[in-house]
Amino acid sequence: MSSASASSIQIQLPDGTLAEHPPETTAMDVAKGISEGLARSVIAAEVSGAVVDADRPLGEFSEGLEPLSLTLLTGRDEAALGVLRHSAAHVMARAVMRLFDGVSLAFGPTTEGGFYYDFDLPEKISEDDFPKIEAEMKRIIKEREPFERFILDREEARKLCDDLDQDLKVEHIDTGLSDQPTVSFYRQGEFVDLCRGPHIPDAGKIKAIKLMTIAGSHWKGDTSGRQLQRLYGTAFFDKKQLKAYLEQIEEAKRRDHRVLGKQHGLFSINPDVGQGLCLWLPKGARVRVALEDFLRRELLSRGYDPVYSPHIGRVEMYETSGHFPYYRDSQFAPLFGSEVGGMLDAWSERLQEGTLDSDGEDKLMAAAEVFGVKLPDYRSSASADAKRKVLHDWQVNNERYLLKPMNCPHHCQIFKAQPRSYRQLPLRLFEFGTVYRHEQTGELNGMLRVRGLTQDDAHIFCTAQQVEDEFRATIELTKFVLESVGLDDYSVQLSLRDPDSDKYVGSEENWDHAEGALRGVLQGSGLTFNEEPGEAAFYGPKADFMVRDCIGRSWQLGTVQLDYNLPERFKLEYNGSDNAAHRPVMIHRAPFGSLERFTGMLIEHFAGAFPLWLAPEQVRVLPLSDKSLDYAVQVAKELEAAGLKVTVDNSGGKVQAKIRNAQLDLVNYMAVVGPKEAEAGHVALRDRIDGDLGSMPTAEAIARLKQEIVSRQVRQVVKSDFSAAAVDSDAVGNEY
RNA sequence: GCUGCUGUAGCUCAGUGGUAGAGCACUUCCUUGGUAAGGAAGAGGUCAUGGGUUCAAGUCCCAUCAGCAGCUCCA
């Protein structure tokens with residue numbers, strides 16, 4: 001960090017040129033040396049890979065005799081946009097402090113689409129305040145004041161923040177920054193903020209700003225802590241980029257699967273059925289059936305065995321698997337064979353918490369007796385654990401069930417249902433398994449986050465040596481599935497264990513082997529992937545597919561996870577070639593993730609306009625007038641017999657109106673039929689995308705459409721011009 | 001779950017404390033047509049639910065429920 005005593009430093013520019021400069025030279029000086037125009041457009045600099053202020057003396061970054069690599073960042077560089085936005089966050093905070101009293105600043109970072117700043121202030125900010133805040137920001141920007149950096153040691157910094165009445169900053173210096181001997185501040189006019197930087201040279205560089213929304217947040221993400229007001233905004237180097245960004249948001253809104261799902265009759269969620277419980281309407285169900293049929297056929301041809309399991313299971317099974325009661329908050333409450341089960345459950349919980357006094361205990365005993373429950377082994381003098389065991393034993397004998405939160409325990413039981421030999425491995429069990437999870441109300445989101453979902457779930461039981469081949473086959477399958485629906489922009493996130501943690505089950509040797517195998521397969525697959533140490537589940541490493549849709553948003557869909565835990569817990573065994581019992585490795589995998597989430601994502605990806613092979617209404621027959629209705633019905637029967645999803649528009653009105661409605665309903669093909677077609681046995685086919693295709697024999701039209709279906713053509717994806725990922729979907733973690 | 005916003009016809013939405021509105025969709029009638037909107041009439045409402053204030057509440061207040069945005073969470 002500290003400047004070397006050398007009297008000069010060597011600086012290397014991206015084109016390779018080397019130059020000697022005094023250590024106090026700044027990136028801005030270097031830019032001026034090249035041209036004044038460049039100097040005017042410099043936003044920041046990248047020095048040896050780190051983004052820094054353009055006015056920092058470069059000598060500060062010099063270590064030893066190595067030349068410093070310097071890249072001047074201008075509005076054209078992606079990294080510069082982040083610097084701009086963070087400076088815009090400061091400008092916004094400054095404007096808010098001018099307009100409101102008692103503002104306490106929290107954090108103000110950049111986000112993918114802009115920036116935010118969290119404030120603690122007595123007054124509530126509302127969207128009605130945005131115009132005046134924006135006006136104040138514009139006033140600040142117009143003054144083009146520079147951002148000035150200065151360093152204080154911790155004590156001075158603490159005092160400064162205290163003098164400024166910034167108690168959250170004081171707290172942050174005391175806690176989050178307790179290991180820093182000095183901290184940096186930025187001053188812009190009267191506004192001073194504890195900040196790591198970097199910043200733009202002056203506020204005049206901000207050419208376009210807009211406040212987006214106001215929302216609640218929490219100090220350091222702690223929901224029990226102070227509630228803050230988070231003001232979101234965005235900023236760009238020019239107004240055109242801002243406009244494109246706002247259009248991108250509008251485009252995402254137009255594609256919202258909840259809007260399109262309602263508009264096109266795909267699915268419905270209503271309070272009478274229950275929050276987060278999705279009704280698949282006929283059209284949505286047809287899309288799902290197409291997806292299920294496709295995947296089922298594919299799995300059967302790839303050596304999978306279909307299985308079915310019920311929607312509920314004994315709680316004891318989930319105790320064995322370890323899912324109950326540890327994840328109780330996100331499960332629906334157990335179903336009890338007896339009315340009294342729930343009471344015993346609460347009773348047991350209070351014993352565990354130690355909140356049950358003897359008076360309460362007597363009342364519970366009396367209540368239990370009313371229900372005819374006899375607990376002769378329950379002694380009031382016994383320990384809480386002993387009492388809980390008595391209650392638990394009663395419950396076990398009186399059956400309690402859980403709506404299944406995952407399919408794995410059932411599939412483990414299927415593995416166990418028969419003796420297994422190594423010759424049967426790998427055993428691949430698949431099921432479209434419906435599971436129920438009691439997600440928090442605030443998490444629910446259309447089809448993307450629901451409480452009842454169907455996973456395209458399978459569990460592969462294999463030997464440690466087979467993991468690599470199975471993993472490779474699963475990756476291939478997932479690639480194939482994604483590409484079949486026209487998703488060709490994806491990468492893989494490989495989650496590995498944290499080498500410093502001991503929370504993991506399974507032997508070190510197995511983990512090493514598995515992680516090496518996974519990495520090797522991904523390297524050989526040609527897929528782009530990144531490794532995330534410490535992100536693995538405690539029971540095994542995993543690979544998640546991150547998919548980009550056509551407007552640049554990224555989604556986490558398919559997942560492959562290794563599991564050393566469940567085979568252990570369920571004591572799964574197979575007989576090896578050595579005639580000894582061995583424990584299999586289990587692989588969870590789901591290329592879609594869940595049918596709900598996948599379909600919701602597809603609705604947005606295609607903006608509701610599904611490719612022919614997935615479309616819920618592939619052809620609509622449009623009679624020219626009622627006189628041609630009989631022929632239209634006859635044509636529809638022929639198309640239906642050929643396996644096409646077809647309807648007849650029997651409404652009155654002109655054919656132009658019928659075409660318009662069919663186009664708006666996103667029907668792939670229209671078959672216009674009038675007297676001429678009836679005469680010749682033809683249809684006048686109209687393509688949703690290309691328009692009128694002319695008159696042709698019905699058989700020819702059928703052949704054409706079937707060809708398109710069989711080849712699973714994805715002919716049209718309406719791409720947005722805006723390529724940057726502006727709206728990040730809530731990337732939902734693994735589904736197991 | 002937390003904070004904020006919203007809830008009016010099937011859908012999208014107007015509605016200033018004083019008789020409930022529009023467009024689209026729907027039904028009926030007229031029109032029978034050639035590749036993105038033919039015409040007319042009709043029907044459709046416990047203004048989310050429950051309280052309160054008021055002579056009077058869709059409108060103001062409180063609670064509940066639901067939706068949305070963000071936060072938090074996601075085996």
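Just so it is clear, the model here is predicted, and its values are computed rather than measured. A note on names: the letters A, B, ... follow the listed sequences, proteins ahead of strands, and every chain is numbered from 1.
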Whole-Å P distance, B/C2 and B/U64: 10 Å

Partners passing side chain to side chain contact (heavy atoms under 4.5 Å, CB included) against A/Asn565 (at least two apart in sequence or in another chain): A/Val505, A/Phe538, A/Tyr539, A/Asp563, A/Arg569

Separation of the P atoms in B/A9 and B/G50, to the nearest angstrom: 16 Å

Atom-to-atom span, CZ of A/Arg449 to P of B/G1 - whole angstrom: 14 Å

All N/O pairs under 3.5 Å across the protein-nucleotides 41-45 of chain B interface:
none

C1'-based separation of B/A48 from B/G39 [nearest Å]: 38 Å

Parallel, tilted or perpendicular, as decided by the 30° and 60° cut-offs, for the rings of A/His311 and A/Tyr436: tilted

Heavy-atom donor-acceptor pair, A/Gln455 side chain to A/Met406 backbone, under 3.5 Å: no

Selected nucleotide, minimal atom distance to A/Gln440 side chain, candidates B/U72, B/C11, B/A69: B/U72

Sugar-phosphate only, base, or nothing, as touched by A/Gln229 at under 4.0 Å among non-hydrogen atoms: nothing

Of all pairs that satisfy side-chain hydrogen bond (donor to acceptor under 3.5 Å, both in side chains), the ones with a partner from residues 102-111 of chain A, not counting sequence neighbours: A/Ser104-A/Asp167

Partner set under side chain to side chain donor-acceptor pair (under 3.5 Å) for A/Glu679, not counting sequence neighbours: none

B/U72 base / A/Glu443 side chain donor-acceptor hit below 3.5 Å: yes

Centroid separation A/His172 to A/Phe107 less than 6.0 Å: yes

Base-pairing string, 5' to 3', of RNA chain B - Watson-Crick or wobble, under 3.5 Å, | interstrand: (((((((..((((....[..)))).(((((.......))))).....(((((..]....))))))))))))....

Value in whole Å for how far the C1' atom of B/G67 lies from CZ of A/Phe267: 13 Å

Sugar-phosphate, base or nothing in reach of A/Phe538, heavy atoms under 4.0 Å: nothing

Euclidean distance, atom CG of residue A/Leu448 to atom P of B/A69 [Å, nearest integer]: 10 Å

Between B/G10 (C1') and A/Leu281 (CG): distance, integer Å: 13 Å

Flag, side chain of A/Glu604 to backbone of A/Met601, donor-acceptor distance under 3.5 Å: no

Nucleic acid footprint by protein, nucleotides 31-40 of chain B - heavy-atom cut-off 4.0 Å, B for base, S for sugar-phosphate alone: -BBBBBBS--

Residue pair A/Tyr564 / A/Gly540: nearest heavy atoms and the distance that separates them: CD1-CA, 4.4 Å

Distance test, side-chain N/O of A/Gln263 to OP1/OP2 of B/C11, below 4.0 Å: no

Parallel, tilted or perpendicular, as decided by the 30° and 60° cut-offs, for the rings of A/Tyr490 and A/Phe545: tilted

Test of ring centre spacing under 6.0 Å for A/His411 and A/Phe461: no

Donor-acceptor pair present, A/Arg437 side chain and B/C74 base, under 3.5 Å: no

Interatomic distance at C1', B/G58 relative to B/C24, whole Å: 23 Å

Rounded P spacing from B/A66 to B/G38 in Å: 43 Å

Whole-Å C1' distance, B/G17 and B/C55: 11 Å

